[in-house]
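See structure below.
Each ligand, and each atom within it, is numbered from 1 in the order the structure gives. Computed over heavy atoms, backbone and side chain alike; hydrogens, waters and symmetry mates excluded. We're numbering straight along the sequence, starting at 1.
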Amino acid sequence: MTGIFTQSPRTTALHAALSRFMDEHVYPNEAALYAQVAAGATRWKPLPLLEELKDKAKAAGLWNLFLPESDQGAGLTNLEYAPLCEVMGRSHWAPEIFNCSAPDTGNMEVLVRYGTPAQQERWLKPLLAGEIRSAFAMTEPAVASSDATNIATTIQRDGDHYVINGRKWWISGANDTRCKIMIVMGKTDPDNADRHRQQSMILVPTDTPGVTVKRPVPVFGYDDAPHGHAEVLFENVRVPVENILLGEGRGFEIAQGRLGPGRIHHCMRLIGASERALELTCQRLSSRVAFGKPIATQGVWHERIAEARIAIEQARLLTLKAAYMMDTVGNKVAKAEIAMIKVVAPNMACKVIDMAIQAHGGGGVSDDFPLAWAYANARTLRLADGPDEVHRAQLGKLELAKYR
Ligand SMILES: Cc1cc2nc3c(=O)[nH]c(=O)nc-3n(C[C@H](O)[C@H](O)[C@H](O)COP(=O)(O)OP(=O)(O)OC[C@H]3O[C@@H](n4cnc5c(N)ncnc54)[C@H](O)[C@@H]3O)c2cc1C
């Protein structure tokens, strides 16, 4: 299952149970889930079928499998979670069915690590139970947000409240009517000489006056309902001082703690999506005849399929190495490996899924196969959670620092 990295009997059993659940409940319901979105009176309401599948996953013990170093989840390490997250990445719907989808996983990790007991009671508990959803609001349309020191939203103290003003976009999950809480990043101390101490993170309930979800922002035309990515306006939004996370000026510290696990989870899921794309390619090419012979027997496809297999295996090994390092030396020391895999996995997935689209002819770009959406998703991950160039720049610096 994970090559040279041995798995425990417990995770081997979980992997088998998860794969069985996918075969029995997820793949057969994918078309019906898309149909429920299309038929919804509003596109942003919970899907009854998805909620049913969540109950089934919970009953099967396939719930909150993320959350390393915590007694709140399944207690798996990153290395143990990797093959499970990979299986979930095979389907658009699966991560949420197992309560393991972004941005909730990252937000739950923030609340576990940095939340006060009161914040955990109010927000973490219902998130872990899958009763509500959440969003993470950092990116802003007006500034280059890949450099988070640019984030300009203001968070100003006013007595026993903070007042928040700013405009965000690409806020995943904010359109969803179940989204009840946002973690918002902004500046509490814009004049601090240390640019990394200007920022804070604060909890903002979505029903606070002044919070307006302006519009869904589609990706290549997909609005990803009922989850989606929203533009959100904050106008004189007042929240109690207790809503600050960890304390003023600690936003960067939290962002670093949050982004490591979030990034590697995306990579794990992309490997699953690539495996499925390769599987569909082989099935499709073996079942169609062109110019007198099965397409699979045309030499060019042997070459492409071999390259895809090589690329997936390489990416998986690097993901597992990064997960192993996170478990053994911590997310901070593993930052080079996390940056490497965050570049490798989305680029690999884009190539493999693009090949699968080609193999499916016109069908590849339709919604009759999961490939077009998978490609759109993989492409966004060359931007989201840090564009490729930012990770490469960090890696270049780390490498050169060895020679100083
Ligand atoms: C589908 C999707 C979901 C998202 N979800 C969320 C979310 O839930 N919450 C949230 O806060 N944000 C979210 N984002 C936003 C995402 O994290 C940002 O788009 C990303 O950080 C880049 O910021 P930007 O768009 O402002 O690009 P910019 O900062 O304007 O960068 C533009 C380009 O400049 C180049 N560049 C930047 N830095 C360098 C460098 N050092 N060297 C060379 N070139 C460079 C890169 O090519 C980069 O793509 C999401 C984005 C997408 C597409």
(message) Can you tell me how far apart CZ (F21) and CG (L53) are? Round to the nearest 0.5 Å.
(response) 5.5 Å
(message) If we check side-chain contact (heavy atoms from CB on, under 4.5 Å) with V237, which of these qualifies: I155, I202, T208?
(response) T208
(request) If the plane angle is over 60° it's perpendicular, under 30° parallel, otherwise tilted; pick one for H227 and H229. (result) perpendicular
Ligand 1 N/O to protein N/O, distances under 3.5 Å:
unit_1   : atom_1 : unit_2 : atom_2 : d
ligand 1 : 5 (N)  : W170   : O      : 2.9
ligand 1 : 5 (N)  : S172   : OG     : 2.8
ligand 1 : 8 (O)  : W170   : O      : 3.4
ligand 1 : 8 (O)  : S172   : N      : 3.0
ligand 1 : 8 (O)  : S172   : OG     : 3.2
ligand 1 : 9 (N)  : F136   : O      : 2.8
ligand 1 : 11 (O) : M138   : N      : 2.8
ligand 1 : 11 (O) : T139   : N      : 2.9
ligand 1 : 11 (O) : T139   : OG1    : 3.2
ligand 1 : 12 (N) : T139   : OG1    : 2.7
ligand 1 : 17 (O) : D385   : N      : 3.4
ligand 1 : 23 (O) : S146   : N      : 3.4
ligand 1 : 26 (O) : S145   : N      : 2.9
ligand 1 : 29 (O) : S145   : N      : 3.2
ligand 1 : 29 (O) : S146   : N      : 3.0
ligand 1 : 29 (O) : S146   : OG     : 2.5
ligand 1 : 47 (O) : E389   : OE1    : 3.1
ligand 1 : 47 (O) : E389   : OE2    : 2.8

(request) May I ask you to decide if T153's main-chain N or O and E140's side chain share a donor-acceptor pair within less than 3.5 Å? (result) yes
(message) Closer than 3.5 angstrom, by distance alone: can the side chain of N99 be matched with the main-chain N or O of L127 as a donor-acceptor pair?
(response) yes
(request) Classify the ring geometry between H92 and W373 as parallel (under 30°), tilted (30 to 60°) or perpendicular (over 60°). (result) parallel
